[in-house]
*Asks:* 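Mind looking over this structure? Questions follow.
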There are 2 protein chains.
Amino acid sequence: MVKKKSPNKASSLQEAGAHRARVTSYDVAAHAGVSQSAVSRCFKPGASVSKKMRDRVMKAVQELGYRPNAIARGLITRRSNMVGVVVSNLNFYPEVLSELNKRFIARGVHVLLFSLDQESDVGSILEQMWQYPLDGVIAAAHLAPEQIAMFEERGVPLIFYNRSYQDVPVSSVCCDQTEGERMLVSQLAASSTHKLYGIVAGPKDSVVSMQRTEGAKQRLAELGVTDVQVVPGDYTYESGRRAVSRLVEVCGRVPDAIVCANDMMAMGCMDELRFKHDLDVPGDVSVVGFDGVKAASWASFNLTTVAQPVESMAEAVVTMLLERVDNPEMPPEKRTFSGVLRAGGSIRR
Amino acid sequence: MVKKKSPNKASSLQEAGAHRARVTSYDVAAHAGVSQSAVSRCFKPGASVSKKMRDRVMKAVQELGYRPNAIARGLITRRSNMVGVVVSNLNFYPEVLSELNKRFIARGVHVLLFSLDQESDVGSILEQMWQYPLDGVIAAAHLAPEQIAMFEERGVPLIFYNRSYQDVPVSSVCCDQTEGERMLVSQLAASSTHKLYGIVAGPKDSVVSMQRTEGAKQRLAELGVTDVQVVPGDYTYESGRRAVSRLVEVCGRVPDAIVCANDMMAMGCMDELRFKHDLDVPGDVSVVGFDGVKAASWASFNLTTVAQPVESMAEAVVTMLLERVDNPEMPPEKRTFSGVLRAGGSIRR
DNA sequence: ATGAATATTGCATTCGAAGTCATTCAGGGT
DNA sequence: ACCCTGAATGACTTCGAATGCAATATTCAT
């Protein structure tokens, strides 16, 4: 009749293979001869526990190798201390992921990783995310407005990393793509007089590419250059190589200044120009990129580019997310960082 | 007296801001007018549920936007469907992480990420891991024997990725470093007669570097070359560049064949030789790497290297780990894959 | 020493889903 | 109409830790 609680008596086989059963707070409690609550409190900063109790519990904790189960804790505290990070293609964001993870871990938060092969299956990724009680999510991928709305509905803070949504009230941390591209073009124009400009854009559906490309066109127009050909790429090295041929097709000849929407493609361009067209960069053609990836600074490329302030951006996005986890009422906020012009030697002078 | 269960009645404000309260199986049950058990069963494949019941429940699920809470489920099933992945430095393993994550997700398992800045704080990373009921762990980092033992004690399957421990009964999936390096040296020797060989190793404490370096020395010895200088690096591009100077110091001149413990350093070497020493690669000096990273195949480098079969290795490690999750009694197993020689154009002929 | 105020402690309940077990229901055979 | 069988369903408990509240122990002032 009266329900009998039989907490879990694994303490009997503790010495033998500590194997199998995880040590729980009940095990520790039994071992120390106190209540489970007491054990729990010993792990809660600022809880009311006497020194004697704490010592006793900690001794048992040591002896049994107990660690509080973060998952069980999250169930009741409604704080999983886990955030989701969605990246569209891991290869593009190694440093970013590294920076984010490092910072989250430093604040006791862990990262559950979600990656997209082709951006197509975002839906299924979200389905999976809803199964976890994530405290928040950082997205370095494109989401549809309805998908963004679901986060709002479910009360899960969401922040975009380097993706901006105009007119949509959602938080984001971005690098100022337009401004950066304008700096690059200004630099190009200041160093030498180029006769023909070509632009290698990213995928048509990439907002970032659009902003960078527009920035370049804008600034060129201001400088009086309006006849500019744009060919699309997909952010990869290979597409950068192919882009050169495409530019030749649409321009009739090789441009003497190529603005690429990212560093990877810029390096592809340089290699194609040098090894396929036997041209010199920067002697014959100037090339600029965007992002400031490691390889761009290697001697072989020494690419002039605009570096994203990855550390600042990572710090900002982590801070913003955790702020919103603590205070769900905070309104969306968009933060934009300026890129840093990294003058290399890929511009003719 | 009789305890009154008041399950959670949020169903009242469902229409208004679905906000705040997560939808639980109780909410669905109430909405559909069935028991919570019924809802649970509808999500368990092969459970005994009538079509009528299933339809009714699913309708409520749709209307409320319910998703089972994977965390709560894991608590009782003792299967979190989460695995930990530890990498020593994210920048070194982007493709690997991507491959692993993709494969785990395809099997309904999610990855909790742990990264090390300097391999020093492995201890604290482990402390954090013990807080999660991970089904298993993949480590692409070095662990001390005592640390490895803890996994055994706690019954958490552990598999090393590309780290081997001789004489320690622990599972691992590796690329055959020695064999690969021997292939490279054979290739070097077959293509041209080199007068002076130099080796750029990895950090002294890296087993992988040791194996690669030993493989190279071994094969060189077999070919009658015994006077070989080895200088250490740290796997980065910059250390590859520095290594050239170090080789010059210890050899008295620039070697005409340099074997690097990985591609990054090989590319650093090439750049240093070309841009600092004004030498031609492969005309004056042959350089080989190891790993088969993307950049190595770029036209600027066209590096001859041995590629790790990342996809096969990732598939193997994921399979092995999940096998051991299902069957904890499986004994440790070490799998070694052969690298694939990727002949580029960095060897003199 | 005594009562009030404060600090510790334990009990019972809760988080969300799943498993156990007993009960109920539908269908089939006679 | 009646019994039997297997399927369908619900009540209750469990996983591991945290917490409100009540019970108990200390401390302090008087």
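In the text below, chain A, chain B and the rest are named by the order of the sequence lines, each starting its count at 1. Computed from heavy atoms alone, side chains included, the values below leave out hydrogens, waters and symmetry copies.
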*Asks:* Expressed in angstrom and rounded to an integer, what is the separation of B:Leu64 atom CG from C:dG16 atom P?
*Replies:*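 It is 14 Å, rounded to the nearest whole Å.
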*Asks:* In degrees, rounded to 10°, what is the bend between the two ends of the helix from C:dA1-D:dT30 to C:dT30-D:dA1, using five pairs at each?
*Replies:*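 Rounded value for the end-axis angle: 30°.
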*Asks:* Aromatic ring centroids of A:Tyr66 and A:Tyr26 under 6.0 Å?
*Replies:*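 Aromatic pair excluded; centres sit 6.0 Å or further apart.
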*Asks:* Measure all distances between protein nitrogen or oxygen atoms and nitrogen or oxygen atoms of nucleotides 8-10 of chain D, and list the pairs falling under 3.5 Å.
*Replies:*
from	atom 1	to	atom 2	distance (Å)
D:dA8	OP2	B:Ser48	OG	3.0
D:dT9	OP1	B:Ser50	OG	2.8
D:dT9	OP2	B:Ser50	N	3.0
D:dT9	OP2	B:Ser50	OG	3.1
D:dG10	OP2	B:Ser35	N	3.2
D:dG10	OP2	B:Ser35	OG	3.1
D:dG10	N7	B:Arg41	NH2	2.7
D:dG10	O6	B:Arg41	NH1	3.3

*Asks:* Would you classify B:Arg79 as touching base, sugar-phosphate or nothing, given that sugar-phosphate means primed atoms plus P, OP1 and OP2, and contacts are heavy atoms under 4.0 Å?
*Replies:*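 Answer is nothing: B:Arg79 stays at 4.0 Å or more from every strand.
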*Asks:* Taking CZ from A:Phe43 and P from C:dT9, how many angstroms apart are they, rounded to a whole number?
*Replies:*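 Rounded to whole Å, this separation is 15 Å.
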*Asks:* Looking at A:Glu315 and A:Arg107, is any side-chain nitrogen of the basic one under 4.0 Å from a carboxylate oxygen of the acidic one?
*Replies:*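 Here A:Arg107 pairs with A:Glu315 in a salt bridge, since their nearest N and O are under 4.0 Å apart.
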*Asks:* What is the distance from CD1 of A:Ile71 to C1' of D:dA17, rounded to the nearest Å?
*Replies:*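 Distance check: A:Ile71 CD1 to D:dA17 C1' gives 12 Å.
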*Asks:* From the list C:dC15, D:dC15, C:dA18, which nucleotide is the closest neighbour of the side chain of B:Arg78?
*Replies:*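 Per side-chain heavy atoms of B:Arg78, the pick is D:dC15.
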*Asks:* Check this for me, if you would: do B:Lys51 and B:Asp55 make a salt bridge, where the nitrogen-to-carboxylate-oxygen distance has to be below 4.0 angstrom?
*Replies:*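 Yes.
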*Asks:* Calculate the interatomic distance between A:Arg56 atom CZ and C:dG10 atom P; express it in whole Å.
*Replies:*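 One finds 8 Å between P of C:dG10 and CZ of A:Arg56, rounded.
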*Asks:* How close or far is atom P of C:dG16 from atom CD of A:Gln131, stated in whole angstroms?
*Replies:*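 Value for this atom pair: 15 Å.
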*Asks:* Please check the phosphate of D:dA18 (OP1 and OP2 only) for any side-chain N or O of A:Lys44 closer than 4.0 Å.
*Replies:*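 No, A:Lys44 has no side-chain N/O under 4.0 Å of OP1/OP2 on D:dA18.
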*Asks:* Using whole Å, report how far CG of A:Asp55 lies from P of C:dT8.
*Replies:*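 The answer, rounded to whole Å, is 13 Å.
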*Asks:* Determine, using ring centers only, whether B:Phe104 and B:His110 are less than 6.0 Å apart.
*Replies:*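 No, they do not, as the ring centres are separated by 6.0 Å or more.
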*Asks:* Is any side-chain heavy atom of A:Met150 closer than 4.5 Å to one of A:Val156?
*Replies:*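 A:Val156 does not reach A:Met150 side chain to side chain.
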*Asks:* Are B:Asp326 and B:Arg79 close enough for a salt bridge, meaning some N to O gap below 4.0 Å?
*Replies:*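 Yes, charged N to carboxylate O under 4.0 Å.
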*Asks:* Checking B:Asp121 side chain against B:Ser124 main chain: does a donor-acceptor pair fall under 3.5 Å?
*Replies:*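 No, because the side chain of B:Asp121 does not come within donor-acceptor range (under 3.5 Å) of the backbone of B:Ser124.
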*Asks:* Are B:Thr319 and B:Glu323 close enough that some pair of their side-chain heavy atoms sits under 4.5 Å apart?
*Replies:*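 The answer is yes; the side chains approach within 4.5 Å.
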*Asks:* Examine C:dA17: is either OP1 or OP2 under 4.0 Å from a nitrogen or oxygen in the side chain of B:Ser25? Give yes or no.
*Replies:*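 Answer is yes, contact under 4.0 Å.
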*Asks:* Can you check whether A:Tyr66 has a side-chain N or O nearer than 4.0 Å to OP1 or OP2 of D:dG16?
*Replies:*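 Looking at the OP1 and OP2 atoms of D:dG16, neither is under 4.0 Å from any side-chain N or O of A:Tyr66.
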*Asks:* Could you give the CG-to-P distance, from A:Leu75 to D:dA18, as a whole number of Å?
*Replies:*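 Distance, rounded to whole Å: 11 Å.
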*Asks:* Counting just side-chain N and O atoms, does B:Thr24 come under 4.0 Å of either OP1 or OP2 of C:dG16?
*Replies:*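 Negative; the distance criterion is not met.
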*Asks:* How long is the line joining CD1 of B:Ile76 and P of D:dC15, in whole Å?
*Replies:*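 For the pair B:Ile76 CD1 and D:dC15 P, the rounded distance is 7 Å.
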*Asks:* Just call it for B:Ser40: base, sugar-phosphate, or nothing, with non-hydrogen atoms closer than 4.0 Å on any strand.
*Replies:*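 Contact class for B:Ser40: base.
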*Asks:* Does B:Arg324 form a salt bridge (charged side-chain N to carboxylate O under 4.0 Å, His left out) with B:Glu333? I'd like the steps, not just the answer.
*Replies:* CA-CA 10 Å; B:Arg324 264 146 259 260; B:Glu333 175 187 358; 3.1 Å; yes
*Asks:* So among B:Phe160, B:Tyr161, B:Tyr165, which one has a ring-ring contact (aromatic ring centres under 6.0 Å, His included) with B:His142?
*Replies:*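 With B:His142 as partner, ring-ring contact (aromatic ring centres under 6.0 Å, His included) holds for just one option, B:Tyr165.
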